[in-house]
Amino acid sequence: MPAAHSRRFRDGKTLAGELSAAMHRIGALGVPYPDGYCDELIGKYEKDGVPYPHILSILGEPRIRSHFFYARMLKRTGPFLDYGCGTGDNIRQLLRDGFPRAQITGFDLSWESINLGFDLYRDEKSIRDLFVVNGTFLFGKETFDTIYSGSVIHVIADDDELCGYLNNAWAALRPGGNLFGSTLGIDDGDSCAPDEHGPPRVIPRQELTRHLMAAGFLSPTLVKRPHEAHTPDDKKCVFEFCTKKSG
Ligand SMILES: C[S@@+](CC[C@H](N)C(=O)[O-])C[C@H]1O[C@@H](n2cnc3c(N)ncnc32)[C@H](O)[C@@H]1O
């Protein structure tokens, strides 16, 4: 369960505004909504809020699409894991792009964000079987060819937990397999406190490399991208990364 602070909207954004903007983008993908559906969802989520509200602002346009490794990954046909899949937006992107359905698994610690995705895409019946939820990682060694980690590292505050997360990813990858993903970072300076509404970990470039290599991965490729929620003068960025388990 994410901490209460991670349920707050930043910069004057509201649940109603973000839900309706997300529905607009998802509607453009062909999802039909009955009259009053937006109000129904606002009513459903206004009491407890939504986990990691920033994800609402990129729903329908998931980061995986523009990741530097995505085009190469799509040419593969082996088992794929979205590790910390949240709403499942990345999985729907893979399906839209023709990745084999039978090879896709989304895993998360909780159903909460996945259910939000079902509510917004109205597709629970057709894709629920792709998701696995459990309090601990339950996949066997060398199960996947590719693992994606989108905006998960920056929500794991504790170093031991991050170490466990990356060790699990390494063990579950087949030799020669790739871990790729993105996380909030800082490119200049060696530390940065998270802001009031942001995720708890803002990782420096060299620390991300160190954590990945400590789990056994080869030296990663990192690409710096701007982060939608930050201003040009702030040094925070998104690091896209891709690394490999040696084969
Ligand atoms: C900010 S959301 C990102 C969701 C999704 N990957 C995306 O790109 O939109 C972070 C997700 O990571 C999940 N998460 C956090 N720690 C995790 C862990 N140790 N194992 C698996 N999932 C985790 C959370 O439950 C949450 O759904």
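For ligands, and for the atoms within them, numbers begin at 1 and follow the listed sequence.
The heavy atom nearest to atom 3 (C) of ligand 1, considering only G86, G150, G135, is found in G150. Proximity annotation for atom 19 (N) of ligand 1: of R63, Q93, E161, E112, E161 comes nearest, heavy atoms only. Of the options V152, I156, T183, the smallest heavy-atom separation from atom 14 (N) of ligand 1 is shown by V152.
Remark: ligand 1 and V155 share no N or O pair separated by less than 3.5 Å (distance only, no angle test).
Neither the backbone nor the side chain of F137 comes within 4.0 Å of ligand 1, counting heavy atoms alone. Under 4.0 angstrom from ligand 1, the non-hydrogen atoms of C85 all belong to its backbone.
Taking the ring centre of Y121 as origin, the terminal cationic atom of R92 falls inside the region bounded by 6.0 Å and 45° from the ring axis.
Listed by number with element, the atoms of ligand 1 under 4.0 angstrom from any heavy atom of N90 are 5 (C), 6 (N), 7 (C), 8 (O). Remark: ligand 1 atoms within the under-4.0 Å shell around heavy atoms of S151 are 1 (C), 2 (S), 3 (C), 10 (C).
Here F180 and F68 keep their ring centres 6.0 angstrom or further from each other. With ring centers used as reference points, F107 lies under 6.0 Å from F139. Annotation: H154 is not in aromatic contact with H227 [ring centroid separation under 6.0 Å not met].
Taking 4.0 Å as the cut-off, D108 counts as a neighbour of ligand 1 on heavy-atom distance.
Residues L95 and F99 have side chains not in contact (no heavy-atom distance under 4.5 Å, counting atoms from C-beta outward). Two residues are said to be in side-chain contact when any heavy atoms from C-beta on lie closer than 4.5 Å; S219 and T243 fail this criterion.
Y148 and L59 end up in different hydrophobic clusters when Ile, Leu, Val, Met, Phe, Trp and Tyr side chains are linked at under 4.5 Å.
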